[in-house]
Amino acid sequence: MKAPVSPWFSPASALIVGVALLLVFPLKLLPSLLAGLLVFELVNRLARPMQRLLAGNMGRLLAVGVLSVLVIAVLGLIFAGGFSLLMHELNNPGRMMGKLLGVIDRAREQLPEALVAYLPANVDDIRVALHDWLRGHISELQLLGKGAVHMFVTVLIGMILGAVIALQSVPDPDQLRPLAGALLTRVQRFVEAFRNIVFAQIKISLLNTTFTAIFLIGVLPLFGVHLPLTKTLIVITFVAGLLPVVGNLISNTAIFVVGLSLSIWVALGALAYLIVIHKVEYFLNARIVGGQIKARAWELLLVMLVFEAAFGIAGLVAAPVYYAYLKSELKAQGWV
């Protein structure tokens with residue numbers, strides 16, 4: 001029979017988990033944490049149908065083991081593919097600058113004279129500005145390179161840890177000692193918060209990207225308008241859409257600026273379409289995310305603002321998950 005739980009263990013476990021989650025930022029372990037949670041959730045979700053075919057504990061271990069390798073391989077290929085694409089673009093600066101200069105030339109014809117003066121005149125001006133910027137930020141770029149290597153290693157370790165943990169059978173918190181049981185309960189709530197936010201946001205981003213791709217590839221060409229950098233804009237829409245609230249602002253701004261390079265009317269038309277689509281998506285977002293954590297857009301935006309001010313970009317990314325976890329804890333205590 002399990003010994004009665006002392007009320008001391010609940011605040012003690014809350015303190016331990018809270019300190020651990022805050023230490024993620026100064027230790028720069030957020031990519032590792034998110035990668036591990038993503039692999040853990042993907043493996044567990046994909047393993048359920050396979051476990052029906054392979055009964056017993058060995059069947060579960062086999063299913064989870066095979067899926068762990070596949071998930072890590074696929075995510076690794078996606079990461080490597082994105083890095084390779086970025087390096088390819090950087091190794092072909094002439095092509096990239098040619099596209100950029102074309103956008104700038106068309107924007108020069110549409111913008112007021114007061115703004116045209118701030119645009120570069122030709123490719124040489126862009127190269128000089130880029131060279132001056134690189135020379136003035138060489139130390140930051142060196143740190144960025146070290147940071148990229150650190151992130152790659154921590155992401156890989158996080159994915160492996162997520163797969164290893166997925167292989168383990170999760171015990172019942174009631175069968176553990178009081179502090180261990182309380183800690184496991186809080187960790188399970190955090191994993192559930194991650195699942196609710198991340199998978200809901202992926203659905204929203206895919207929906208937003210689909211509507212945007214239909215507009216860029218299907219609607220605009222019907223009117224004889226072919227927006228430059230269409231594929232890049234679609235990728236930006238999906239990646240930015242993974243950030244609640246602010247993601248739409250980022251992708252909309254990029255599309256508006258590129259549309260402005262063709263015509264002010266194209267830019268305004270694109271903006272009007274995106275606003276209408278996002279109004280429709282607003283209700284879907286409220287149903288998807290709000291249904292998961294009972295949070296409104298202004299709540300998430302406020303938390304993201306505070307976390308970004310406190311922890312930078314990492315805080316902006318982690319804010320929705322942390323807020324969902326905090327809200328689940330408050331609800332479990334009956335405070336909200």
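This one's a predicted model, so the numbers in the text were calculated from it and none came from an experiment.
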**Student:** Could you note down all residue pairs passing side chain to side chain donor-acceptor pair (under 3.5 Å) where residues 309-321 supplies at least one of them, sequence neighbours left out?
**Tutor:** none
**Student:** Is a side-chain donor or acceptor of Y322 paired with a backbone partner of L21 at a separation under 3.5 angstrom?
**Tutor:**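 Present.
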**Student:** Do L42 and F238 belong to the same hydrophobic cluster, where Ile, Leu, Val, Met, Phe, Trp and Tyr are linked whenever their side-chain heavy atoms lie under 4.5 Å apart, directly or via other members?
**Tutor:**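 As far as the 4.5 Å side-chain criterion goes, F238 and L42 are connected within one cluster.
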**Student:** For T237, which residues count as a side chain to side chain contact (heavy atoms under 4.5 Å, CB included) partner, sequence neighbours excluded?
**Tutor:**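 Testing T237 for side chain to side chain contact (heavy atoms under 4.5 Å, CB included), a comparison that skips the adjacent residues, returns N208, T209, T212, S251, I255.
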**Student:** Consider only side-chain N and O atoms of S328 and R189, and report whether a donor and an acceptor are under 3.5 Å apart.
**Tutor:**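 On atom types as modelled, these side chains do not qualify, holding no pair under 3.5 Å.
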**Student:** Is Y273 reachable from I236 through a run of I, L, V, M, F, W or Y residues, each pair having side-chain heavy atoms under 4.5 Å apart?
**Tutor:**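 No; Y273 is not reachable from I236 via cluster members.
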**Student:** To the nearest 0.5 Å, how far apart are OG1 in T185 and CD in E329?
**Tutor:** 9.0 Å
**Student:** Show me the donor-acceptor pairs, under 3.5 Å and distance only, between side chains in residues 303-316 and residues at least two apart or in other chains.
**Tutor:**
none

**Student:** If the test is ring pair (Phe, Tyr, Trp, His ring centres under 6.0 Å), which one of Y323, F40, Y325 qualifies with F190?
**Tutor:**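 Only match with F190 under ring pair (Phe, Tyr, Trp, His ring centres under 6.0 Å): Y325.
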**Student:** Grab the two heavy atoms, one from P221 and one from H226, that are nearest each other, plus how far apart they are.
**Tutor:** CB-CE1, 3.8 Å
**Student:** What's the spacing between L184 CG and L176 CG if we round to 0.5 Å?
**Tutor:** 6.0 Å
**Student:** Which atom pair, heavy atoms only, marks the closest approach of G162 to V39?
**Tutor:**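 So the two residues come closest at C-CG1, 4.2 Å.
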**Student:** Supply the atom-to-atom distance L222 CG to I217 CD1, rounded to the nearest 0.5 angstrom.
**Tutor:** 12.0 Å
**Student:** Do S32 side-chain atoms and L29 backbone N/O form a donor-acceptor pair below 3.5 Å?
**Tutor:** no
**Student:** L161: what forms a side chain to side chain contact (heavy atoms under 4.5 Å, CB included) with it, not counting sequence neighbours?
**Tutor:** I157
**Student:** Tell me the salt bridge (charged side-chain N to carboxylate O under 4.0 Å, His left out) pairs involving residues 27-42, sequence neighbours left out?
**Tutor:** E41-R195
**Student:** Could you pull out all residues at least two apart from V198 that satisfy side chain to side chain contact (heavy atoms under 4.5 Å, CB included)?
**Tutor:** F194, I202, V321
**Student:** Taking atom CG of L220 and atom CZ of F215, what is their separation to the nearest 0.5 Å?
**Tutor:**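 Going from CG on L220 over to CZ on F215, the span is 4.0 Å.
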**Student:** For residues I234 and L207: do they belong to one hydrophobic cluster (side chain heavy atoms under 4.5 Å, members Ile, Leu, Val, Met, Phe, Trp, Tyr)?
**Tutor:** yes
